[in-house]
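Note that the structure is a prediction, hence the values are computed from the model and not measured. As a basis for the values below, the full set of heavy atoms in this structure was taken, side chains included, without hydrogen atoms, waters or symmetry mates. In what follows, chains are A, B, ... by sequence order, proteins preceding strands, each numbered from 1.
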Protein chains: 2
Amino acid sequence: MIKILIVDDHKMFVEGLEFILSKEEDIEIVHRCYEGKEVFNKELLEKIDIILLDINLPDMTGIEVSERILKMNQNVKILVLSMHDEESYITEVLKSGALGYVLKNTGRKELVTAIRTVASGRTYFSEAITNTIMNGLMNNSKKAKPIEKDVPKITRREKEVLDLILDENTNQEIAGKLFISLKTVEAHRSNLLSKLNARNTAGLVKKAMELNLV
Amino acid sequence: MIKILIVDDHKMFVEGLEFILSKEEDIEIVHRCYEGKEVFNKELLEKIDIILLDINLPDMTGIEVSERILKMNQNVKILVLSMHDEESYITEVLKSGALGYVLKNTGRKELVTAIRTVASGRTYFSEAITNTIMNGLMNNSKKAKPIEKDVPKITRREKEVLDLILDENTNQEIAGKLFISLKTVEAHRSNLLSKLNARNTAGLVKKAMELNLV
DNA sequence: GCAAGTATTAGGGTATGCCCTAATTTTCGC
DNA sequence: GCGAAAATTAGGGCATACCCTAATACTTGC
C-alpha cells in the first residue's frame, strides 16, 4: 500500500485528487496539508511514502518544503504537482531532491503511473516537462555557441599524437604506438605547439584542455 | 514520404535499419554514408528530410557532423543513434542541434515513432536518455561542492614553481624569476611530478588543472 | 629546546623535447 | 584529372626536462 500525503492549498483540487486516487486499490491518502509549515512533523513523515506537493503554497514555495523535508527524512519520496512548465521552475525542483514533476493538467492514468513510479524510488516527469528541459538545453547552447573561440584545425594525425601526449606518453612511446619514427612524432608535436600558440608541453596541455580536446 | 539518410560505419547495423524501415509505407531510405565526410554534399542534403546519425564514426564524431550539416542546411533534421547514454555525450548532442537521441537498443516501434516525430520538427528522446539528463540535473546540484578530491599537499615553493610551469616558463626562466639555481627548480619540478603522480609535464599540467590550481 | 621530519637548495648524467629544414604523400578546388 | 596546398613523414643539432643523490635550512611534536 502506497501511503500518501497531499500538500496543496486549493481544497477543491485536493478533493479531486482524493476522488481520483480512491479508485486505486494500492493507494491510500493518509493526510492533507493546506500550508507548507504543517508538513514538518516527524511522526507524520514516518507514516507516509509519498508527498504530492504543490509548488505555490501560501506560506512558502514547494521547493523550500521539498528541501527541508528531505533533510528531515530521507525515505519519503516527493512528487511535485504544478501548473507551470517553465524551465527555471523545473530545474529548481529537480535540485530540491524531488523524484518527479507532473503538470496538473495530467490525466488520471498518468498521475497514477507517476505515483507508482516514484513510490518505487524511480523518477517520473511529464512529457511536457522533459520537452521543456531538453529544449532548454538545446537553446542554452545555441546562445552559448557564438562565443566559441576559433579552434585551430588539428589534423587527424596531430589529434592522435595530442591524445597520447595528454596520456603522458613520451615521443618515443608515441612513435611506437603509431608505427612512425620518433622524428615524425616530434614534427607533429611541433606543429601542435605552433597551432595552439604554445611554447612547450605545459602550454600545449593547457590550451588543449581549455579548448576542448581531452 | 519521409526521406532518410543513414550515417553509420557498421554495415550490418545499417542493413538492419533498412530492413526494419522498409516495412513503413511513409519512410524511404534515400542514401547511406559509412564515413562522416561523405555527408557534406549539398545536393544530397537537399534531397533528404532526416539523417539517422551514429555518434562513433571512423573519421569524426557524429557531433561534429551534426554541427557542420546544420551550418550547411537548416532544413534537414538530425536524429542521433547511439549506444551510449552518458550525460556528457547527450548534452553535447543536444548542443549540436540534433532534434532527437535514441539508443541503439531501441525497438522498431519506438524508432519509427522517433523518426516521425523528428520529421515533423519536434524533438524525441529515448526514455533512458531523459532519465539520464534528469538525474544529471538532480545530482549536479547535490555534488557540486562535496566532490573535492584529496589534493596532495604542495609546498609554497612548489606552488610557485608549478604556477610558472603552467605559464609556459622553462626551468631556466623560473630559476631566474625565483632567484634560485636551475637545479633547484628541477628538483621542485621532480617533487611535483611524484606528488601528483605524473610522469612528465603533460601529466603535471593535466593533474594540476583537474585538481584546481590554475 | 632538540630530534625527526620535511622543505629548499643543488650537482652530474642521460633521455626527451624543441627548432630548422625538407622529402613524399594525400587532399582539395576548379 | 591536374596543380596547389596541406598533411605526413623524417634527420641534425641543441636546449630542456627528468632521474639519482645529497647537503643545508626550516618546522614541528614532545
Side-chain angles (χ1 to χ4, degrees), chain A residues 150-208 213, chain B residues 33-44 57-60 64-65 68 71-72 151-208 213:
Chain A
D150 40 85
V151 173
K153 49 179 178 177
I154 309 296
T155 68
R156 195 191 87 257
R157 207 57 160 170
E158 285 165 355
K159 179 68 163 65
E160 292 177 319
V161 172
L162 177 57
D163 286 338
L164 289 168
I165 291 172
L166 292 172
D167 276 336
E168 305 195 327
N169 291 283
T170 66
N171 286 346
Q172 194 87 64
E173 290 165 346
I174 295 172
K177 289 181 183 176
L178 298 183
F179 304 104
I180 55 183
S181 109
L182 169 62
K183 282 297 162 182
T184 306
V185 178
E186 290 177 350
H188 287 310
R189 193 177 190 127
S190 236
N191 289 331
L192 284 167
L193 287 178
S194 98
K195 284 187 182 178
L196 295 183
N197 284 318
R199 289 178 63 197
N200 51 33
T201 306
L204 189 65
V205 174
K206 218 170 92 176
K207 298 285 173 63
L213 340 152
Chain B
C33 295
Y34 301 104
E35 285 188 308
K37 62 171 180 285
E38 296 172 28
V39 186
F40 307 113
N41 176 327
K42 277 216 169 183
E43 292 161 37
L44 173 60
L57 297 170
D59 52 341
M60 54 198 298
E64 293 170 306
V65 174
R68 276 184 61 181
K71 275 181 193 164
M72 289 173 64
V151 173
K153 49 177 179 176
I154 309 296
T155 67
R156 195 190 81 260
R157 206 56 160 168
E158 284 166 355
K159 181 66 163 64
E160 291 177 316
V161 172
L162 176 57
D163 286 339
L164 290 168
I165 291 172
L166 291 171
D167 274 336
E168 305 194 330
N169 291 282
T170 66
N171 287 346
Q172 194 85 65
E173 291 164 347
I174 296 172
K177 290 180 183 175
L178 297 183
F179 305 105
I180 54 183
S181 110
L182 169 63
K183 281 299 161 184
T184 305
V185 178
E186 290 178 351
H188 287 310
R189 192 176 190 126
S190 236
N191 289 332
L192 284 166
L193 287 178
S194 97
K195 284 188 182 177
L196 294 183
N197 284 319
R199 290 180 61 197
N200 51 33
T201 306
L204 188 66
V205 175
K206 219 172 90 176
K207 299 283 172 63
L213 343 148

Are the side chain of B:Glu158 and the backbone of B:Thr155 linked by a donor-acceptor contact shorter than 3.5 Å?
yes
Sub-4.5 Å side-chain heavy-atom contact between B:Glu173 and A:Arg199
yes
For A:Glu168, give me all partners under salt bridge (charged side-chain N to carboxylate O under 4.0 Å, His left out), at least two apart in sequence or on another chain.
none
Report yes if a side-chain nitrogen or oxygen of A:Arg156 is closer than 4.0 Å to either non-bridging phosphate oxygen (OP1 or OP2) of D:dA7; otherwise report no.
no
Using every non-hydrogen atom in the two residues, find where A:Asn169 and A:Leu164 come nearest and quote the distance to one decimal.
ND2-O, 2.9 Å
Go through DNA chain C in 5' to 3' direction and return only the first and the last nucleotide with some atom under 4.0 Å of chain B's heavy atoms.
C:dA7 to C:dG13
Should B:Leu57 and B:Cys33 count as side-chain neighbours, where that means a heavy-atom distance under 4.5 Å?
no
Please produce a list of atom pairs where a protein N or O lies less than 3.5 Å from an N or O of nucleotides 4-6 of chain D.
none

If you define the side chain from C-beta out and look only at heavy atoms, does anything of B:Val185 sit under 4.5 Å from B:Leu178?
no
Pairwise side-chain contact, B:Lys206 with A:Asp167, heavy-atom cut-off 4.5 Å (strictly under)
yes
With a 4.5 Å limit on heavy-atom distance, are the side chains of A:Leu166 and A:Leu204 in contact?
no
Between the two end axes of the helix from C:dG1-D:dC30 to C:dC30-D:dG1, each built from 5 base pairs, what angle do you get to the nearest 10°?
70°
In whole angstroms, how far is the C1' atom of D:dT16 from the CD1 atom of B:Ile174?
11 Å
Is the distance from OP1 or OP2 of D:dT16 to the nearest side-chain N or O of B:Asn171 less than 4.0 Å?
no
Taking B:Gly203's backbone N and O only, do any of them form a donor-acceptor pair with B:Asn200's side chain (distance below 3.5 Å, no angle check)?
yes
Are any of the side-chain heavy atoms of B:Val161 and B:Leu192 separated by less than 4.5 Å?
yes
What is the distance, to the nearest angstrom, from the CZ atom on B:Arg157 to the P atom on D:dC26?
12 Å
Please list, by residue number, the residues of residues 177-192 of chain A whose heavy atoms come closer than 4.0 Å to an atom of DNA chain D; answer none if no residue qualifies.
A:Ile180, A:Ser181, A:Lys183, A:Thr184, A:Ala187, A:His188
Pair B:Ile165-B:Ile174, side chain to side chain contact (heavy atoms under 4.5 Å, CB included): steps then yes or no
CA-CA 8 Å; B:Ile165 291 172; B:Ile174 296 172; 3.7 Å; yes
Partners meeting side-chain hydrogen bond (donor to acceptor under 3.5 Å, both in side chains) with A:Arg157 (sequence neighbours left out):
A:Glu160
Answer yes when B:Arg189 and B:Glu186 have at least one side-chain N-carboxylate O distance shorter than 4.0 Å, and no when they do not.
no
